[in-house]
Amino acid sequence: MFHGKEKLQRKSALERDSELSTYGLLLACTILALLICAMIAVLTADQGEPTTNLTTEATDISVEEYGNPSLITSNEDPLRAYIRFPQAGGFADSVIMSWANKTYADAEETIKVLRETDGSAQGEINIQSQSYTLGKKYASIVEQGMFSSTGLAHPTDVIRTFNLDVEHNVFLENSDILDMSKKENILSIIKSKILASAPDAGDYFADAAIDEWLNHLALDREGITVILERGVCLPAYLGSLRIELPYDELGDMLLLDKGAMTAASSHTTEPLQQTEPADAAATNIPSKASDIDPSKPMIALTFDDGPSKYTSRILDLLAQHKGRATFCVLGNLVESRPDIVKRAISLGNEVIGHSWDHRDLTKLTPEEIEEEILGTYNAIKSLGGTAKKMYRPPYGAVDDTLKEASAELGFSIIYWSLDTIDWKAESSADVYNAVMNDAEDKAIILCHDIYSETADAMESVIVELIDKGYQLVTVSELLENSGKSLEAGEVYFDGR
Ligand code: ZN
């Protein structure tokens, strides 16, 4: 399984290689350097954190997801976008949403400027989100990702963290979290942790922008996470580092109320029913594949971008009505929500990859494509998933290079025949209508298990599809029962 830090470090090594080989034009570089500076200035004016390293072992700190995920997405050139951020119905929503909108608008503007010189310029803004409520007092949100575009030698990091006191409805500053009169002590702890994970970093401490080290702090269940931005806090080749300062080691440098973190939240939204009795599940699960009648109509529902807090509800509904579906998950979310994935698998559903972090795979090097596809595949497999080598490409972006890379890796590409466009839905009725108006035999239907509208719609969609005589099967089952064999590098739209 990947860990975020290793992945980020490895990526930066790959980026170095590509820098050597691409875009040497002096004029272009000058213009681009200015643009990059503008992007960095705008996008990193705040704080942030990376993707993983968060264990899911139980501790005494009560942790649950903060809010519901929202997305800004665009599947179209010249700017593909995937910006994920939480909305909790609280005081912080508008600030977080403004940040997300501005991040998108800035990327859009940069592409617009680039296209004045190069009419074919394209880019991608891709931001993942992780958020936690710690007890009933604190919440922490980490937005991390990158902006890339044609002409840039490597992507620009985008990092932002928000730390909240949800009891008093205020944002926390660093000085609310740590005793800044003891800053030197804090920095020396960080130094020793950096050296533990990157021994040669010490050579650069004298030159490093140590004042930037505390730019991006986040709270998680183990301690305070310090995110050191690639090329800002330390030399770029070290990548982004994530340093964990365990609460217990901070002593009186920690100003947070640790007691409040261990108290259970008043508004529990954690959806997991991890303790689903095995035999209860067993009575609901149709015995795999043998229950399928190939002569009768069937449909493969697919859910992208999870796992999320809505996934469990969809799993409940499927189990209750003896249906199955295919979940196309993001590797970085699998790491932080392994229980949901395990449960999906144990109920007979299929779990396949949707890349590690929703990058546009057509813009990546073969090595990066391999990391995205195999990293996610291995994460799923380690949780007991089937070894079916297939994945769904983010944004539905596929080109010949990606097909070739997939063929080499032995993976098939799963597309869809019916897009519910649920990310635009204003109500569950929109999602319901999108499915029910166009459902047909052997369709692969694209939904996202990250929206309440989608989960709500499934209440009636699942029942009514079954009433209409459809068998709800996984993508693998659909293809198998349609006489289609999986070929590496091929794209599958449906079972027809
Ligand atoms: Zn997606």
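What you see is a predicted model, and the numbers here were worked out from it, not measured in a lab.
Put simply, the side chain of Arg80 gets close to the backbone of Asn75: a donor and an acceptor are under 3.5 Å apart. Checked by atom type and distance alone, the side chain of Gln128 never pairs as donor or acceptor with a backbone atom of Glu143 at under 3.5 Å. Formation of a donor-acceptor pair under 3.5 Å by the Thr225 side chain with backbone atoms of Glu244 is not found in this model. Here the side chain of Lys484 pairs a donor or acceptor atom with the backbone of Asp494 at under 3.5 angstrom.
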- [ ] Check the pair Thr362 / Asp399 against side-chain hydrogen bond (donor to acceptor under 3.5 Å, both in side chains), numbers first and verdict last.
- [x] CA-CA 6 Å; Thr362 63; Asp399 63 8; 4.5 Å; no
- [ ] Verify side-chain contact (heavy atoms from CB on, under 4.5 Å) between Phe327 and Thr302, making sure each step is shown before the conclusion.
- [x] CA-CA 6 Å; Phe327 292 83; Thr302 64; over 6 Å; no
- [ ] Kindly indicate, with the supporting measurements, whether the criterion side-chain hydrogen bond (donor to acceptor under 3.5 Å, both in side chains) is fulfilled by Tyr391 and Ser406.
- [x] CA-CA 9 Å; Tyr391 72 93; Ser406 304; 2.7 Å; yes
Open item on the list: Test side-chain contact (heavy atoms from CB on, under 4.5 Å) on Leu409 and Leu374; report intermediate values, then the result.
Closed with: CA-CA 8 Å; Leu409 294 169; Leu374 280 186; 4.1 Å; yes
Open item on the list: Under the criterion side-chain contact (heavy atoms from CB on, under 4.5 Å), I'd like the reasoning laid out for Glu370 against Glu367: C-alpha separation, chi angles, the key distance, then a yes or no.
Closed with: CA-CA 5 Å; Glu370 185 177 341; Glu367 291 84 358; 5.6 Å; no
- [ ] Run the numbers on Leu241 and Ser197 for side-chain contact (heavy atoms from CB on, under 4.5 Å), then give the verdict.
- [x] CA-CA 8 Å; Leu241 291 185; Ser197 75; 4.3 Å; yes
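Here Arg496 pairs with Glu440 in a salt bridge; the nearest charged N to carboxylate O distance falls below 4.0 Å. By the 4.0 Å N-to-carboxylate-O rule, Arg324 lies too far from Glu350 to be salt-bridged with it. Using a 4.0 Å cut-off between charged nitrogen and carboxylate oxygen, Lys102 and Glu108 do not count as a salt-bridge pair. For the pair Asp118 and Arg115, the salt-bridge criterion is not met [side-chain N within less than 4.0 Å of a carboxylate O]. Using a cut-off of 4.0 Å between Lys/Arg side-chain N and Asp/Glu carboxylate O, Arg313 and Glu459 are scored as salt-bridged. Under 4.0 Å is where a charged nitrogen must lie from a carboxylate oxygen, and between Lys424 and Asp419 no such pair does.
Note: Phe411 and Tyr377 have perpendicular aromatic rings, judged against thresholds of 30 and 60 degrees for the angle between ring planes. The aromatic rings of Tyr395 and His358 sit perpendicular to each other, their planes meeting at more than 60°, with 30° as the lower class boundary.
For the pair Leu333 and Gly306, the tightest heavy-atom approach, listed with the atom from each and the gap, is CD1-O, 3.6 Å. The shortest non-hydrogen separation linking Leu478 to Gly495 is CD2-N, 3.9 Å. Residues Gly375 and Trp356 approach most closely at O-CZ3, 3.7 Å, considering heavy atoms. The nearest pair of heavy atoms linking Leu418 to Ala439 is CD2-N, 4.0 Å. Nearest approach of His354 to Thr376, heavy atoms of both residues: N-CG2, 4.3 Å. Residue Val341 comes nearest to Pro307 through the heavy atom pair CG2-CG, 4.0 Å, listed as atom of the first residue, atom of the second, then distance.
In this structure, Ser312 and Arg343 have side chains that are in contact, with non-hydrogen atoms separated by less than 4.5 Å. Side-chain contact between Arg221 and Met261: absent, with no pair of heavy atoms (C-beta onward) separated by less than 4.5 Å. Counting only heavy atoms from C-beta outward, the side chains of Met390 and Ser476 approach each other to under 4.5 Å. Contact check for Pro86 versus Ile96: side-chain heavy atoms found under the 4.5 Å cut-off. Residues Tyr310 and Ser452 meet the side-chain proximity criterion, which asks for heavy atoms closer than 4.5 Å. Between Phe303 and Met458 the shortest side-chain heavy-atom distance falls below 4.5 Å. The shortest distance between side-chain heavy atoms of Arg392 and Ile444 falls below 4.5 Å. Contact of the Ile450 side chain with the Leu71 side chain is registered, since non-hydrogen atoms from C-beta on lie closer than 4.5 Å.
Atom-to-atom distance recorded for Cys447:SG and Leu301:CG is 5.5 Å, nearest 0.5 angstrom. For the atom pair Asn349 CG and Thr474 OG1, the distance stands at 8.5 Å (nearest 0.5 Å). Residue Met146 holds its CE atom at 10.5 Å from CZ of Arg230, rounded to the nearest 0.5 Å. Note that CG of Asn332 is 6.0 Å distant from CG of Asp357, once rounded to the nearest 0.5 Å. Once rounded to the nearest 0.5 Å, the distance linking CG of Asp157 with CD1 of Ile127 reads 9.5 Å. Here Tyr492 contributes atom OH and Leu479 contributes atom CG; the two are 7.0 Å apart, rounded to the nearest 0.5 Å.
Looking only at atom types and distance, the side chain of Glu453 has no donor-acceptor partner in the side chain of Ser428 under 3.5 Å away. Looking only at atom types and distance, the side chain of Asp449 has a donor-acceptor partner in the side chain of Thr311 under 3.5 Å away. Donor-acceptor pairing under 3.5 Å is recorded for the side chains of His448 and Asp422. Side-chain atoms of Thr150 and Gln122 include no donor-acceptor pair closer than 3.5 Å. Residues Glu368 and Thr365 bring a donor and an acceptor atom of their side chains to less than 3.5 Å of each other. Ser70 and Gln87 share no donor-acceptor pair across their side chains, judged by distance under 3.5 Å alone. Asp360 and Tyr82 are not linked by any side-chain donor-acceptor pair at a separation below 3.5 angstrom, with hydrogens and angles left out of the test.
Lys137 NZ: more than 12 foreign heavy atoms inside a 6.0 Å radius. More than 12 heavy atoms of other residues, nucleotides or ligands lie within 6.0 Å of CD in Glu464, so this atom counts as buried by the packing criterion.
When each of Ser149, Ser148, Pro394 is paired with Glu124, the side-chain contact (heavy atoms from CB on, under 4.5 Å) condition holds for Ser148 and for no other.
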